[in-house]
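In what follows, a single structure is set out as structure tokens and then discussed.
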Protein chains: 2
Amino acid sequence: MRTPVSKPAVNHTATHVDDSTLREALGYHMKRSFNHVQADLTRVLKPFELRMLTYTALVLITDNPGLRQSQLAAAMDIERPNLVVIIDELERRDLILRERVPTDRRAYALQPTLAGRQLYEHALKAVRAHEAQLTQGIDEQTRATVIAVLRGIEKRLAGGEAP
Amino acid sequence: MRTPVSKPAVNHTATHVDDSTLREALGYHMKRSFNHVQADLTRVLKPFELRMLTYTALVLITDNPGLRQSQLAAAMDIERPNLVVIIDELERRDLILRERVPTDRRAYALQPTLAGRQLYEHALKAVRAHEAQLTQGIDEQTRATVIAVLRGIEKRLAGGEAP
DNA sequence: TATTGTTATACTCTATAACTATA
DNA sequence: TATAGTTATAGAGTATAACAATA
């Protein structure tokens with residue numbers, strides 16, 4: 001989507017730019033590869049009219065019915081105000097419900113609807129196919145190592161600077 | 001910056017949310033870890049009044065003096081229009097120069113100024129220290145594997161869907 | 001006083017179409 | 001006609017402050 005399918009006959013633009021200084025940094029590669037993964041996943045989710053964030057929210061609500069918005073925001077690692085529009089969108093499409101919690105009338109218990117659970121199933125299948133294509137040729141051991149490193153970095157940075 | 005330094009005594013928000021469905025996907029972990037890396041790097045670059053994109057542009061221009069904007073945009077994997085404001089900002093701060101190319105008066109040759117080269121040196125040192133802290137405890141072999149996987153994914157998705 | 005959800009707001013990054021001036 | 005840089009614009013993600021209702 002970002003690069004032309006066939007390269008131009010004469011290419012003045014991509015000739016030998018030295019990025020060796022940047023390539024040292026893990027974050028540089030994380031950014032570049034994630035941008036492509038993000039764009040690709042957006043394309044995969046488009047037929048379901050879902051984005052990465054609405055998909056993530058739908059999955060977590062379906063797997064954790066009764067979840068509260070504050071819990072969901074924490075799980076998704078986003079701020080509460082940013083979750084509101086996501087939940088609004090899913091609710092407007094009748095994929096989830098906001099149910100009042102009797103014991104705490106400030107909070108909502110988020111519940112998937114039947115339509116929500118069905119969309120979850122279909123979208124999940126597409127995402128898994130996408131994931132399989134993405135990690136094709138990467139052995140399970142290596143994939144697990146990459147995930148472990150990414151999670152380790154996340155935990156280190158999430159926990160605050162000084163241990 | 002995102003999570004409090006000390007967790008609240010009673011925590012209703014983070015209790016046992018099942019994200020096992022999402023955790024299968026590599027992209028999920030890429031997003032989460034990159035968000036933290038991005039936020040952390042933003043903090044590291046703040047004293048230099050640089051962002052990830054202005055830093056990247058400054059490094060590439062300094063390492064490749066005379067680079068054209070179209071080449072730089074391709075190297076940074078961003079669209080040309082988005083590069084303009086980045087170059088504007090660096091030029092306004094007298095960190096780089098737009099020099100007309102005599103042989104092609106449509107194009108600019110981007111050159112770092114002395115101030116740009118100096119800021120490059122200082123920022124690079126800070127970024128390297130950040131990187132060292134980030135990858136602390138990860139052996140070189142593993143780090144190389146992660147980078148290779150990320151680059152492989154980027155290349156696969158950048159090249160178009162059908163090989 | 002603290003928390004849940006909310007509104008409003010701002011900044012960053014990304015993407016596309018269309019323009020200008022050159023080639 | 002094609003390319004380099006530009007302008008304008010739109011969409012998405014992220015972050016903070018401040019509010020009403022409730023605890």
Side-chain angles (χ1 to χ4, degrees), chain A residues 1-4 8-14 31-32 34-43 45-46 49-57 67-74 76-89 91 98-110, chain B residues 1-4 8-14 31-32 34-43 45-46 49-57 67-74 76-89 91 98-110:
Chain A
M1 195 174 271
R2 193 175 281 125
T3 46
V10 180
N11 188 350
H12 285 294
T13 59
K31 179 191 171 74
R32 293 180 69 99
F34 177 66
N35 279 356
H36 287 282
V37 169
Q38 164 102 305
D40 206 46
L41 201 56
T42 299
R43 193 181 51 75
L45 290 173
K46 189 130 203 173
E49 294 183 83
L50 290 170
R51 289 165 294 130
M52 218 168 164
L53 286 173
T54 52
Y55 169 76
T56 302
L67 203 63
R68 297 185 188 188
Q69 287 186 203
S70 55
Q71 292 176 308
L72 181 54
M76 291 177 66
D77 205 9
I78 63 176
E79 300 301 319
R80 269 70 81 220
N82 296 327
L83 182 62
V84 174
V85 290
I86 295 169
I87 298 301
D88 282 348
E89 183 177 330
E91 192 185 35
R98 276 174 167 113
E99 284 186 354
R100 277 287 177 200
V101 177
T103 56
D104 185 346
R105 289 178 34 74
R106 294 173 301 182
Y108 289 114
L110 302 173
Chain B
M1 197 172 269
R2 193 176 280 124
T3 46
V10 180
N11 187 350
H12 285 294
T13 59
K31 179 192 171 72
R32 292 179 70 98
F34 177 65
N35 279 355
H36 288 281
V37 169
Q38 163 102 305
D40 207 46
L41 201 55
T42 298
R43 192 180 53 73
L45 290 173
K46 190 133 200 168
E49 294 184 85
L50 290 170
R51 290 165 291 130
M52 217 168 164
L53 286 173
T54 50
Y55 169 76
T56 302
L67 203 63
R68 298 185 188 190
Q69 287 186 204
S70 56
Q71 292 176 308
L72 180 55
M76 291 176 67
D77 205 9
I78 64 176
E79 299 301 320
R80 268 71 81 218
N82 296 327
L83 183 62
V84 174
V85 289
I86 296 169
I87 299 302
D88 282 348
E89 184 177 330
E91 191 184 36
R98 277 173 167 113
E99 284 187 355
R100 277 289 179 198
V101 177
T103 56
D104 185 346
R105 289 178 33 77
R106 294 172 302 181
Y108 288 115
L110 303 174

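In what follows, every heavy atom counts, from backbone to side chain, and hydrogens, waters and symmetry copies are set aside. In what follows, chains carry the letters A, B, and so on, assigned in the order in which the sequence lines appear, proteins first and then strands, with residues in each chain numbered from 1. Quick caveat, the model's predicted, so the values are computed rather than measured.
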5'-most by nearest nucleotide on DNA chain C - A:D88 or A:A107:
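The 5'-side residue here is A:A107.
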Counting only side-chain heavy atoms from C-beta out, which of [options] sits nearest to [X]?
X	options	result
A:K31	C:dT14, D:dA12, C:dT6	C:dT14
B:R106	D:dA4, D:dG13, C:dT14	D:dA4
A:I78	D:dT6, C:dG5, D:dT14	D:dT14
B:V84	C:dT16, D:dT7, C:dG5	D:dT7

Under the 6.0 Å and 45° cation-pi test, does A:R68 pair with A:Y108?
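Judged by the rule (NZ or CZ under 6.0 Å from the ring centre, within 45° of its axis), A:R68 is not positioned above A:Y108.
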For [N], does OP1 or OP2 lie under 4.0 Å from any side-chain N or O of [X]?
X	N	value
B:R98	D:dT6	yes
A:N35	C:dT14	yes
A:S70	C:dG5	yes
A:Q69	C:dT6	yes

Heavy atoms, side chains only, cut-off 4.5 Å: are [X] and [Y] in contact?
X	Y	answer
B:H36	A:D77	yes
B:I86	B:N82	no
B:K31	A:T56	no

Report the distance from atom [atom1] of [X] to atom [atom2] of [N], rounded to the nearest whole Å.
X	N	atom1	atom2	answer
B:L83	D:dT3	CG	P	18 Å
B:E91	D:dG5	CD	P	13 Å
A:I86	C:dT6	CD1	P	12 Å
A:R32	C:dC13	CZ	P	15 Å
B:D104	D:dG5	CG	P	8 Å
A:E79	C:dT9	CD	P	19 Å
B:F34	D:dT14	CZ	C1'	12 Å
B:E89	C:dC11	CD	C1'	12 Å

Residue met sooner reading DNA chain D from 5', once A:R80 and A:M52 are mapped to nucleotides
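Upstream on the strand: A:M52.
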Identify, between A:T103 and A:L53, the residue whose nearest nucleotide on DNA chain D lies closer to the 5' end.
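Closer to the 5' end of DNA chain D: A:L53.
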Side-chain donor/acceptor contact of B:R105 with base of C:dT22 under 3.5 Å:
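No such pair is found, so the answer is no.
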Can you spot which of B:Q71, B:R98, B:E91 makes a side chain to side chain contact (heavy atoms under 4.5 Å, CB included) with B:L110?
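Passing option: B:R98.
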Is a donor on one side and an acceptor on the other found under 3.5 Å between the side chain of B:R100 and the backbone of B:R105?
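It does hold such a pair.
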Base, sugar-phosphate or nothing for A:I87? Non-hydrogen atoms, less than 4.0 Å.
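No contact at all - A:I87 keeps every heavy atom at 4.0 Å or more from the nucleic acid.
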Categorize B:N82 for me: base, sugar-phosphate, or nothing, with a 4.0 angstrom heavy-atom threshold over every strand shown.
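Here B:N82 touches the bases of the nucleic acid.
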